Amino acid sequence: QVQLQESGGGLVQTGGSLRLSCGLSGRPISDYVIGWFRQAPGKEREFVAGIMSGGGTTYSSDSIQGRFTVSRDNAKNSVYLEMNSLKPEDTAVYSCAARIVGRVGVQSWEWDYWGQGTQVTVSS
């Protein structure tokens, strides 16, 4: 049974930074493609960034404008989303997702497993 758990969300001021963690239990995270999505109130879920299994090629959405970095630490069975220069419009619930085969998909339906999400709030 694969389970994902996010942590690291919270309240931060504009321009601040946060690092989100996505832990996977039940299997080695190195076997999985991992994606980060976010959903703001009243908006659809949006792809943020993702990282391939194996070599760890990363992808990110144009909307984050290079401010976020995704990385993995296979020894800790975790993937991270480092978020810098945060803006109020980054406020959302951030969730990680996993799939064992395929690419970093930008659509929610492309992913097999989801975490519960962690709230990120950026104050102005």
Side-chain angles (χ1 to χ4, degrees):
Q1 180 76 11
V2 173
Q3 291 185 322
L4 297 169
Q5 180 66 58
E6 303 91 343
S7 61
L11 174 64
V12 64
Q13 292 185 334
T14 297
S17 299
L18 281 174
R19 188 176 80 155
L20 306 183
S21 299
C22 174
L24 187 147
S25 60
R27 290 288 302 272
I29 202 168
S30 55
D31 291 346
Y32 290 82
V33 182
I34 301 294
W36 283 98
F37 287 74
R38 66 185 181 185
Q39 188 166 21
K43 295 188 176 181
E44 292 190 355
R45 185 180 282 167
E46 174 191 22
F47 170 77
V48 175
I51 187 166
M52 292 294 291
S53 59
T57 303
T58 62
Y59 303 85
S60 58
S61 166
D62 290 341
S63 66
I64 61 175
Q65 300 170 321
R67 297 178 293 120
F68 297 179
T69 302
V70 59
S71 62
R72 63 165 69 234
D73 186 338
N74 293 332
K76 295 184 178 180
N77 227 41
S78 296
V79 167
Y80 305 101
L81 183 67
E82 186 78 37
M83 305 187 296
N84 299 309
S85 302
L86 284 162
K87 306 174 182 180
E89 50 264 44
D90 294 318
T91 295
V93 174
Y94 285 72
S95 301
C96 61
R99 62 188 304 192
I100 199 161
V101 295
R103 64 189 184 96
V104 174
V106 299
Q107 303 295 332
S108 298
W109 58 263
E110 297 182 84
W111 298 85
D112 300 319
Y113 306 99
W114 289 86
Q116 299 272 22
T118 185
Q119 177 70 46
V120 171
T121 303
V122 184
S123 63
S124 57

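Note that the structure is a prediction, hence the values are computed from the model and not measured.
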(request) Report the C-alpha separation of F68 and L18 in whole Å, then their side-chain angles, then the decisive distance to 0.1 Å, and conclude whether the side-chain contact (heavy atoms from CB on, under 4.5 Å) test is met. (result) CA-CA 10 Å; F68 297 179; L18 281 174; over 6 Å; no
(message) Test of understanding: clusters of I, L, V, M, F, W, Y form through side-chain heavy atoms closer than 4.5 Å, transitively. Do Y80 and M52 belong to the same one?
(response) no
(message) Tell me whether W111 shares a hydrophobic cluster with V70, the cluster being built from Ile, Leu, Val, Met, Phe, Trp, Tyr side chains joined at under 4.5 Å.
(response) no
(message) Between S95 and V93, is there a side-chain heavy-atom distance shorter than 4.5 Å?
(response) yes
(message) Could you work out, with salt bridge (charged side-chain N to carboxylate O under 4.0 Å, His left out) as the rule, every residue matching R19, not counting sequence neighbours?
(response) none
(message) Quick check: closest heavy atoms across S108 and W114, and the distance to 0.1 Å?
(response) O-CZ2, 3.6 Å
(request) Check I100 against D112 and note the closest heavy-atom contact, atom names and distance. (result) N-OD2, 3.9 Å
(message) For the NZ atom of K87 and the OG atom of S124, what is their distance to the nearest 0.5 Å?
(response) 14.0 Å
List, one per line, each side-chain donor-acceptor pair under 3.5 Å for residues 32-41, sequence neighbours excluded.
from : atom 1 : to  : atom 2 : distance (Å)
R38  : NE     : E46 : OE1    : 2.8
R38  : NH1    : D90 : OD1    : 2.9
R38  : NH1    : Y94 : OH     : 3.0
R38  : NH2    : E46 : OE1    : 3.4
Q39  : NE2    : K43 : O      : 3.1

(request) Compare every heavy atom of V48 with every heavy atom of I64, then report the nearest pair and how far apart it is. (result) CD1-O, 3.7 Å
(request) Specify the closest pair of heavy atoms between S53 and S30, including all atoms of both residues, with the distance to one decimal. (result) CB-O, 3.2 Å
(message) Check whether S85 reaches the backbone of G15 with its side chain - one donor and one acceptor, N or O, closer than 3.5 Å.
(response) no
(request) Tell me whether F47 is reachable from I51 by hopping between hydrophobic residues (I, L, V, M, F, W, Y) whose side-chain heavy atoms are closer than 4.5 Å. (result) no
(message) Once salt bridge (charged side-chain N to carboxylate O under 4.0 Å, His left out) is applied, do any residues pair with D31, and if so which ones, sequence neighbours excluded?
(response) R27
(message) Once rounded to the nearest 0.5 Å, what's the spacing between atom CD of E89 and atom OG1 of T14?
(response) 8.0 Å
(request) Output the distance between atom SG (C22) and atom CD1 (I29), rounded to the nearest 0.5 Å. (result) 5.0 Å
(request) In sequence, state the C-alpha distance, the side-chain angles, and the governing distance for E110 and V104, and then conclude on side-chain contact (heavy atoms from CB on, under 4.5 Å). (result) CA-CA 9 Å; E110 297 182 84; V104 174; over 6 Å; no
(message) Rounded at 0.5 Å granularity, tell me how far CG in L11 sits from CD in Q119.
(response) 9.5 Å
(message) I need the D73 CG to S78 OG distance, nearest 0.5 Å.
(response) 7.0 Å
(message) In this structure, would Y59 and V101 fall into the same cluster of hydrophobic residues linked by side-chain contacts under 4.5 Å?
(response) no
(message) Return the CZ to OG1 distance between R103 and T57, rounded to the nearest 0.5 Å.
(response) 14.0 Å
(message) Within the supplied structure, the quantity of interest is the number of heavy atoms (other residues, nucleotides, ligands) at a distance under 6.0 Å from Q116 CD; does it exceed 12?
(response) no
(message) Are S61 and V106 packed together at the side-chain level, in the sense that at least one heavy-atom pair is separated by less than 4.5 angstrom?
(response) no
(request) Determine, step by step, whether M83 and L20 satisfy the side-chain contact (heavy atoms from CB on, under 4.5 Å) criterion, reporting the C-alpha distance in whole Å, the side-chain angles of both residues, the deciding distance to 0.1 Å, and the verdict. (result) CA-CA 8 Å; M83 305 187 296; L20 306 183; 3.8 Å; yes
(message) For a 4.5 angstrom cut-off between non-hydrogen side-chain atoms, does N74 reach P28?
(response) no
